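Report on the structure given below.
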Amino acid sequence: MAYSDKVEDHFHNPRNVGSLDKNSPDVGTGIVGAPECGDVMRLQLRVRDGVIEEAKFKTFGCGSAIASSSLATEWVKGRTVEEALEIKNTQIVEELSLPPVKIHCSVLAEDAIKAAIKDYQRKQKAAAPQEQTAS
Amino acid sequence: MSLMAKPLPSARPQTCPEPSCAAPLELPYLCGTCGELLRPPPGLNHFERFGIAPSMDLDLEALEARYLELSRKLHPDRVLGKSAATQARALALSSALNEAYQTLRDPRRRAEHLLAVHGGKSAEQDRRAPDGLLLEMMERHEEVDAARAAGDGERLAAIEREASAEEDAALDRARSLFADPAFPTPDLLDAVRLELNAANYWNTLQALARGEHG
């Protein structure tokens with residue numbers, strides 16, 4: 001299958017590949033998978049004062065999955081957590097010109113962002129139990 | 001209610017429509033007596049294509065023998081002098097038979113098809129993975145990468161064997177679920193889906209360890 005230029009670019013020069021300390025309280029980790037093709041993706045965010053200041057990913061999968069997660073890390077950086085939650089897979093499809101058979105790759109990237117933020121929020125809640133019991 | 005009294009489904013012809021033949025049909029798309037190729041009913045599943053009951057437990061040798069026999073009967077060369085429509089039908093039937101055979105001979109794809117035949121969800125519709133499996137997958141994929149970077153062929157082969165055993169184990173659990181007397185309840189269908197999702201991940205890992213995926 002022919003990939004679009006943008007997919008090729010992200011595939012050959014992926015942005016933000018790597019990992020962050022998953023035990024750090026300001027890091028959220030999302031691990032998601034596509035059971036139809038067996039691809040797996042890990043996306044991590046470091047949040048400071050509600051803003052995502054760093055994002056890393058590692059994806060084992062096809063070029064479209066790698067490009068989708070690479071793009072996702074670029075897009076979330078500098079956004080607030082709330083803004084990052086608004087990223088839709090359709091925007092990734094559009095940006096990368098993904099064909100219909102590769103749409104699930106973009107879904108994976110959106111799910112990974114949401115899973116990472118959920119993990120971060122769970123940690124924040126767990127780290128501040130006094131706020132919940134104070135009132 | 002007597003089963004005998006139940007009328008046979010009328011949508012599919014029971015006998016060969018070729019007037020000079022009119023022999024009983026064993027398969028809905030091929031007359032075993034005169035060799036006439038018929039338009040298959042829509043939605044024919046892969047088991048029906050072979051005229052066998054949907055099941056995980058197939059005799060693969062018998063399946064192969066049947067495949068070779070039917071391949072000959074459907075072969076486009078057999079209808080070279082016939083109308084373009086008949087030639088096109090031979091081609092379509094041959095291609096569908098190939099797809100049915102490739103699906104049924106592979107245990108994972110057979111299970112996937114059997115689940116679909118019973119109305120179970122596809123992987124796209126139910127993306128769950130067993131607890132902890134995705135994390136384990138990330139680690140195993142990283143292992144494959146490290147082994148490949150180090151040129152460690154033995155390690156890659158070992159990972160492939162382990163992943164193959166894990167896939168077999170998931171398929172065995174799916175096989176037990178299919179064999180449950182209560183099957184197909186919604187819970188059992190979902191439980192099969194979860195096992196097949198796991199099998200898919202292990203299958204992909206094997207391909208990666210062999211250097212095929214990507």
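Lettering follows sequence order; numbering is per chain, from 1. This structure is a prediction, so every number in the text was calculated from the model and none was measured.
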Handout entry: Closest contact, heavy atoms only, B:His141 versus A:Gly38
Key = NE2-O, 4.3 Å
Problem - Side-chain donor-acceptor pair present, B:Asn200, B:Arg108, cut-off under 3.5 Å - result: yes
Exercise for the section: Against chain A, label B:Asp145 side chain, backbone, both or neither, depending on which of its atoms sit under 4.5 Å from a heavy atom there. Expected result: side chain
Exercise for the section: Name, in order of residue number, those residues of residues 17-36 of chain A that have a heavy atom at a distance of less than 4.5 Å from a heavy atom in chain B; otherwise write 'none'. Expected result: A:Ile31, A:Val32, A:Gly33, A:Ala34, A:Pro35, A:Glu36
Handout entry: Closest non-hydrogen atom pair between B:Trp202 and B:Ala163, with its separation
Key = CB-O, 3.6 Å
Fill in the blank from the handout: In terms of heavy-atom pairs under 4.5 Å with chain A, the winner among B:Met138, B:Arg193, B:Glu142 is B:Met138
Fill in the blank from the handout: By salt bridge (charged side-chain N to carboxylate O under 4.0 Å, His left out), B:Arg89 pairs with (sequence neighbours left out) none
Exercise for the section: Indicate whether the side chain of B:Arg49 and that of B:Asn45 have a donor and an acceptor atom separated by less than 3.5 Å. Expected result: no
Practice task
Start with the C-alpha distance between B:Asp168 and B:Arg175, add both sets of side-chain angles, then the distance that settles salt bridge (Lys or Arg N to Asp or Glu O under 4.0 Å), and finish with yes or no.
Solution key: CA-CA 10 Å; B:Asp168 289 348; B:Arg175 191 186 300 267; over 6 Å; no
Handout entry: Option in B:Glu124, B:Met137, B:Arg127 with maximal non-hydrogen atom pairs under 4.5 Å from chain A
Key = B:Arg127
Problem - chain A contact via B:Glu112 - side chain, backbone, both or neither, heavy atoms under 4.5 Å - result: neither
Practice task
Search all heavy atoms of B:Phe50 against all heavy atoms of B:Ala100 and return the closest pair with its distance.
Solution key: CE1-CB, 3.8 Å
Problem - Over all atoms of both residues, closest heavy-atom pair of A:Val93 and A:Ser106 - result: CG2-OG, 3.2 Å
